[in-house]
Amino acid sequence: MAIQTYRARVAEHSYLASKYQQVHLELTEPPRLEFRAGQYVMMKVPGVTGVRQYSITSPPSMNHAIELLVDVIPGGLGSMYLASLAPGDEVEFMAPAGAFTMAHEEGGEEKLLFVATGSGIAPVRAMLLDLLVDKKDTRPMWLHWGLRYAEDVFWFDEFSQLAEEYDNFTFDLTLSKPPEDWELCTGYVTQCVLKHHSDFSTMSTPRKAGPTLHASHIIAAYLCGNRRMIEDVRMELTRKGVVGTRIHTEQFYS
Amino acid sequence: MTNAKYKVSVDRAKCIGAASCVAIAAKTFKLDAEQKAVVITQDGDNDDDKLLAAQSCPTGAIIVVDEKGNQIWPRK
């Protein structure tokens with residue numbers, strides 16, 4: 001898919017949580033965008049030299065539009081621009097770009113571990129919707145997502161519903177600064193990953209009783225978010241025997 | 001051969017493998033086995049694309065100099 005310039009119009013701008021917003025852009029010229037889940041667009045921001053990258057958080061099946069997740073806290077010119085957009089506004093971007101995409105099926109990735117921090121969930125959402133909903137992929141999949149405060153939480157119902165509907169998908173949300181009555185995982189998401197997958201050699205299919213398998217050589221990980229999480233999880237996975245070429249990462253830089 | 005005047009290089013320590021440079025100037029950049037951008041050739045893309053590729057880098061890891069050795073990007 002060659003990169004080209006697209007024009008789109010803001011169809012909807014949603015406020016998801018304390019600092020997160022979602023922008024739905026309907027493509028106008030050209031009207032269709034073919035991309036791989038996990039890729040991003042390079043947004044032209046008025047008054048800014050160069051472009052700003054934003055992961056597409058909607059699945060490729062929605063090829064007439066794209067959805068972007070905005071974290072306004074970094075206060076960058078790009079995120080402030082996206083946050084200022086209103087229905088009817090027109091934008092311009094180049095797409096698709098990025099190498100953080102699902103490996104080809106013949107690559108032997110039989111169990112998939114997704115780990116994200118903050119807005120790093122954006123490309124992961126596209127990947128999971130593409131795999132579970134559109135492709136009916138039945139491989140075991142885990143999503144571990146780390147946020148900071150309870151007021152930062154968004155898309156919780158959506159991921160919970162996916163876990164209810166797709167037996168091969170497990171969702172765990174971790175807060176590093178939880179309220180007292182928080183019943184889910186606490187601390188950094190790396191700790192949650194280690195807690196739930198302490199020994200990959202005995203990793204079994206989610207919510208199904210069955211034979212345990214030596215999973216370290218068939219598991220693949222997709223990590224997206226801050227540098228610290230990526231480094232820590234990569235180190236732990238490598239120690240447990242996960243093949244380096246099956247650890248895919250996308251570092252969000254702010 | 002494009003007769004490009006700009007020369008590009010990658011500060012490996014700053015590169016996070018975002019690959020926007022690869023998307024914009026695919027004849028100039030690629031990701032290596034460590035998912036770091038490397039320069040394939042200086043003559044693959046025109047100067048405008050090479051500069052845009054550098055400007056698209058979220059970490060400013062791509063350095064562009066002109067034929068006189070003056071750094072064009074990142075701006076000093």
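Computed from a prediction, not measured in an experiment: that's the story for all the values here. Letters A, B, ... mirror the listed sequences (proteins, then strands); counts begin at 1.
Nearest heavy atom pair, residue Glu250(A) against residue Gly17(B), reads OE1-O, 4.4 Å. Closest non-hydrogen pair, Ser56(B) versus Val51(A), comes out as CB-CG2, 3.3 Å. Taking both residues in full, the closest heavy atoms of Leu52(B) and Gly50(A) are given as CD1-CA, 4.4 Å, listed atom of the first, atom of the second, then distance.
Within 6.0 Å of the OH atom in Tyr81(A), the count of heavy atoms belonging to other residues, nucleotides or ligands exceeds 12. With a 6.0 Å radius and a threshold of 12 heavy atoms from other residues, nucleotides or ligands, Lys36(B) has its NZ atom above the threshold. Atom CZ of Arg12(B) has more than 12 heavy atoms from other residues, nucleotides or ligands within 6.0 Å.
Taking 4.5 Å as the limit, some side-chain heavy atom of Met94(A) sits within range of a side-chain heavy atom of Ile24(B).
Only the side chain of Leu31(B) comes within less than 4.5 Å of a heavy atom in chain A; its backbone stays farther off. Heavy atoms of Gln251(A) lying under 4.5 Å from chain B belong to its backbone as well as its side chain.
Applying a 4.5 Å heavy-atom cutoff, the residues of residues 22-41 of chain A that approach chain B are Tyr40(A). Near-neighbour residues of residues 58-67 of chain B relative to chain A, defined by a heavy atom under 4.5 Å from a heavy atom of that chain, comprise Pro58(B), Thr59(B).
For chain A, the option among Ser20(B), Ala53(B), Ala19(B) with the highest count of heavy-atom pairs below 4.5 Å is Ser20(B).
The CD atom of Gln53(A) lies 7.5 Å from the SG atom of Cys57(B); values are rounded to the nearest 0.5 Å.
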